[in-house]
Amino acid sequence: MARKPIIAGNWKMNNTLAETRTLVEGLIPLVKDAKCDVVICTPYTDLALAVELTRGTNIHVGAENVHWAEKGAFTGEISAKMLVELGVEYVIIGHSERRQYFGETDETVNKRVKAALAAGLKPIICVGETLDEREAGKVEEVLVRQTKAAFDGIDKEELDNIVIAYEPVWAIGTGKTATAQVADETIAIIRNTMAELYCPKCAENRVRIQYGGSMNPKNAAELMAMPQIDGGLIGGASLKAEDFSKVVNY
Ligand code: PEP
């Protein structure tokens with residue numbers, strides 16, 4: 001069974017409602033014949049409009065985070081049920097910016113993944129090493145630890161509903177891209193870890209792993225040609241309809 005590619009945009013803290021309308025309306029015709037799954041992950045405030053605008057199209061909508069509790073005294077947080085109610089299908093979990101600036105840990109990533117799956121959301125789980133970790137020869141150690149922690153207690157049956165994004169922290173928003181070869185080799189480490197956690201066939205057929213980190217219209221085709229790379233998580237280049245569509249139509 002071939003793994004269907006999936007290209008997702010991560011808007012981060014960008015786009016007002018008016019900007020969302022312009023971007024999504026521009027994007028719809030440009031990606032309508034995409035051969036991959038297309039997702040846009042937007043700030044919470046843009047989700048309802050993004051869902052409304054993309055209804056009946058091939059664009060799916062995701063959030064950029066989710067809390068693990070069903071409800072309660074968690075000021076400023078959003079539950080999985082609230083996202084599902086809006087028509088949201090995907091959610092980014094464990095993005096390096098959350099790990100770096102907002103205290104996200106391997107443990108909280110796992111809690112969010114469980115809550116998302118229980119509510120019927122599809123997590124896009126981010127893993128990736130920092131530059132210091134790469135230079136210290138710790139890539140494998142970090143990725144194995146992050147992957148095992150994120151999937152702790154997750155059933156094999158859920159694998160079709162989960163996407164992993166390998167995002168080397170040093171390549172995010174920096175204009176530095178991992179070479180296609182480095183991205184491919186590193187993603188193989190994650191896939192091997194999934195084979196060990198589940199089964200080799202599951203890892204080969206059912207685990208989609210994206211590359212993320214300054215992916216853009218110029219380098220998308222080369223990255224997507226690599227055997228281990230099943231898609232992209234796109235930050236900067238997802239903010240312009242034309243650029244994002246070029247990545248989608250790599
Ligand atoms: C990201 O934020 O997930 C990302 C990959 O950003 P950029 O494409 O801007 O490097």
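Counting starts at 1 for both ligands and their atoms, in listed order. Values below: every heavy atom of this structure, side chains too, minus hydrogens, waters and symmetry copies.
Contacts of ligand 1 (protein heavy-atom distance under 4.0 Å) are N10, K12, H95, E167, A171, I172, G173, G212, G213, S214, L233, I234, G235, G236.
Members clustered with W68: none, using a 4.5 Å side-chain heavy-atom cutoff among hydrophobic residues.
Residues that satisfy the ring pair (Phe, Tyr, Trp, His ring centres under 6.0 Å) test with Y44, not counting sequence neighbours, are absent from this structure. Residues meeting the salt bridge (Lys or Arg N to Asp or Glu O under 4.0 Å) test with E25, sequence neighbours left out: R21.
Counting only N and O atoms by type, the side chains of N219 and E222 include no donor and acceptor under 3.5 Å apart. A donor and an acceptor atom, one from each side chain of T108 and E104, are located under 3.5 Å apart.
Between L143 and I190, the shortest heavy-atom contact is CD1-CG1, 4.2 Å.
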